[in-house]
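What follows is one structure encoded as structure tokens, with my remarks underneath.
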Amino acid sequence: MRLSRYFIPTLKEAPAEAELVSHQLMLRAGLIRRLGSGLYTWLPLGLRVLRRVEQVIREEMNAAGAMEVFMPAVQPAELWQETGRWDVFGPLMLRMKDRHERDFCFGPTHEEVITDIARREIKSYRQLPVNFYQIQTKFRDEIRPRFGVMRAREFSMKDAYSFDADKAGLAKSYQAMFDAYTRIFTRLGLRFRAVAADTGAIGGSASHEFQVIADSGEDAIAYSTDSGYAANVELAEALAPAAPRPAAARPMEKVPTPGKVRCEDVAALLGAPLATTVKAIAVMHDDEFWLLLVRGDHTLNEVKASKVPGLAPFRFATEAEIERHLHCKPGYIGPVGLAPELRVVADRSVAAMADFVCGANEEGFHFTGVNFARDLPEPAAVADLRNVVPGDPSPDGKGTLQIARGIEVGHVFALGTKYSEAMGASFLDEQGQPHPPEMGCYGIGVTRVVGAAIEQNYDERGIIWPTPMAPFQLGLVPIGYHKIDAVREATENLYRQLTEAGIEVLLDDRAERPGVMFADMELIGLPHRVVISERGLKEGQIEYQGRRDAAGEKLDCRNAIALLSERIS
RNA sequence: CGGGGUGUGGCGCAGCCUGGUAGCGCGUCUGGUUUGGGACCAGGAUGUCGGAGGUUCGAAUCCUCUCACCCCGACCA
């Protein structure tokens with residue numbers, strides 16, 4: 001490709017709208033342009049990268065036995081009403097009406113559509129197992145689109161759906177996808193980790209997220225220092241403290257804490273460690289008022305809280321509700337002296353505390369030296385309610401946990417029969433008995449992968465593409481292309497030979513100064529660069545430099561093609 | 001949805017407080033000189049100052065409404 005006839009609108013300065021490095025670089029390198037909030041046009045260079053990612057995905061999905069299909073982006077509401085998700089999805093789903101006033105949505109996902117195919121077409125166990133995938137544009141009306149293509153509203157996703165005759169088959173299909181994903185992200189040159197993930201309200205037997213490790217990631221993942229354990233913090237279990245609760249040693253006292261609303265402030269005022277305080281979090285389940293207790297230095301994990309029997313779905317209580325039930329303003333509430341009908345759930349670490357500090361249910365006062373059994377009843381329920389923190393013991397008993405940030409680029413999910421049952425899909429087994437197929441679904445955020453790759457691979461000069469994703473393999477930079485015949489001839493010669501060798505070359509044949517060409521080439525991040533100059537040609541040499549190399553290296557013109565082919569393949 | 005902020009040429013910004021009819025850098029176009037790290041000189045083009053309404057002799061500037069975009073929050077007892 002000749003740069004003079006190609007379209008790569010690079011920018012010296014990053015537009016103010018971009019905060020994340022990958023977003024800035026994608027704009028500066030001329031990969032994308034924003035159309036509206038969470039909506040991006042992929043320009044030619046960006047699209048080439050996207051196609052590269054898709055290619056790797058297709059190869060590995062096909063190798064894993066999945067078959068590509070292409071489903072409609074726009075879906076009729078009736079399908080979603082069958083599974084009840086027309087109402088469940090809420091404002092995240094973009095809805096529209098056709099000329100007949102029929103309801104449609106722009107598909108945020110495709111379980112309903114593929115299950116509709118399955119119930120029409122899959123009638124016999126002989127047709128199983130089967131796995132369909134597509135690469136499709138999805139739309140999710142995110143609360144807050146941000147970070148460019150990382151959290152866009154319209155985005156490209158590879159989604160696959162497996163159908164099996166039984167749970168053992170599903171486990172196999174799931175593993176096959178897990179392995180395929182591992183190969184895909186490995187081939188793409190990403191540093192990633194598969195982590196156990198929450199199965200959420202959907203249930204199911206297994207779920208893993210594939211997280212690209214990056215400080216800018218929106219997800220927190222916990223991993224063990226000494227074992228393979230890794231899980232999304234939403235899911236990572238906080239074990240109960242190993243030591244039993246100490247005996248009460250101090251009397252309960254009410255102390256004035258005016259204006260001290262946060263645990264940190266109360267602890268500082270009293271000169272007590274934060275870990276000796278307890279915060280009470282008021283939540284509502286319908287009309288029931290619940291108090292959740294976590295240690296002052298811990299934070300509530302809402303996913304875990306929603307797994308407490310009887311609590312889901314819950315929301316945080318309003319100030320008025322808190323005053324009605326506790327006769328006290330938020331900031332001073334606590335578990336002592338509660339009306340018996342109020343429900344209290346203590347985190348495991350709170351249940352092991354003695355002589356702790358908590359709100360006195362009286363504005364401006366806290367209690368110190370509080371003890372279960374003596375000053376208040378033992379908590380009605382004890383559960384794992386908190387987010388793990390670095391240094392917690394690993395749930396598998398090996399080592400301690402550390403926390404890293406990750407960008408979720410893939411998610412595999414064992415669904416079971418939720419959708420097949422809801423939509424009446426069934427097949428006949430060997431005995432002629434009908435069963436709903438066991439389903440799995442498997443997603444990869446294709447557009448997000450591009451952003452995530454940049455987050456992991458850039459320097460002060462620009463992008464550094466992992467080779468399998470690079471839009472071109474090699475950039476050819478002639479110095480004096482338009483002035484010096486020898487340079488132009490050598491360049492054209494090399495360009496032709498490299499192209500014939502199957503290497504994708506971007507030739508910078510613009511009449512630009514060398515500095516501009518170098519800067520642009522580094523910004524767009526091609527892995528290999530060759531410079532051709534008059535002075536080099538006189539020595540019979542050209543100059544090669546890898547994008548990560550500190551300096552160039554001279555190659556003899558006569559065997560340059562062979563040497564370059566070797567490096568690039 | 002709540003809070004904050006920003007909309008001025010393709011990009012980055014100044015001007016606004018204290019009204020007088022728009023400016024800087026980059027980019028872009030033309031000519032010339034340059035040519036191994038984002039050149040220099042000269043000349044040029046590009047703005048309904050997000051939109052609507054109002055105040056005023058006069059509005060980018062003041063007022064009202066509105067739209068778009070960005071950031072933060074939604075972990076709080």
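Chain naming here is simple, since letters A, B, ... match the order of the sequence lines and numbering starts at 1 in each. Heavy-atom basis, side chains included; hydrogens, waters and symmetry copies ignored.
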OP1, OP2 of [N] versus side-chain N and O of [X]: anything below 4.0 Å?
X: A:R513; N: B:A39; answer: yes
X: A:K12; N: B:G27; answer: yes
X: A:K279; N: B:A77; answer: yes
X: A:S37; N: B:C70; answer: yes

Polar pair under 3.5 Å, donor/acceptor by atom type, side chain A:E512, base B:G38: no
Base-pairing mate for B:U6 - Watson-Crick or G-U, with both contacts under 3.5 Å: B:A68
Within 6.0 angstrom of A:R315 CZ, more than 12 heavy atoms from elsewhere: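 More than 12 within 6.0 Å, yes.
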Enclosure of A:I143 CD1 (heavy-atom neighbours >12, cutoff 6.0 Å): no
How is [X] classified with respect to the nucleic acid when contacts are heavy atoms under 4.0 Å: base, sugar-phosphate, or nothing?
X: A:R28; result: base
X: A:V516; result: base
X: A:E543; result: base

Protein-nucleotide distance (A:F356, atom CZ; B:A77, atom C1'), rounded to Å: 15 Å
Among B:C11, B:A77, B:G73, the nucleotide that comes nearest once only the side chain of A:R144 is considered: B:G73
A:F314 ring center within less than 6.0 Å of A:W290 ring center: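 Judged by ring-centre distance (under 6.0 Å), A:W290 and A:F314 do not meet the cut-off.
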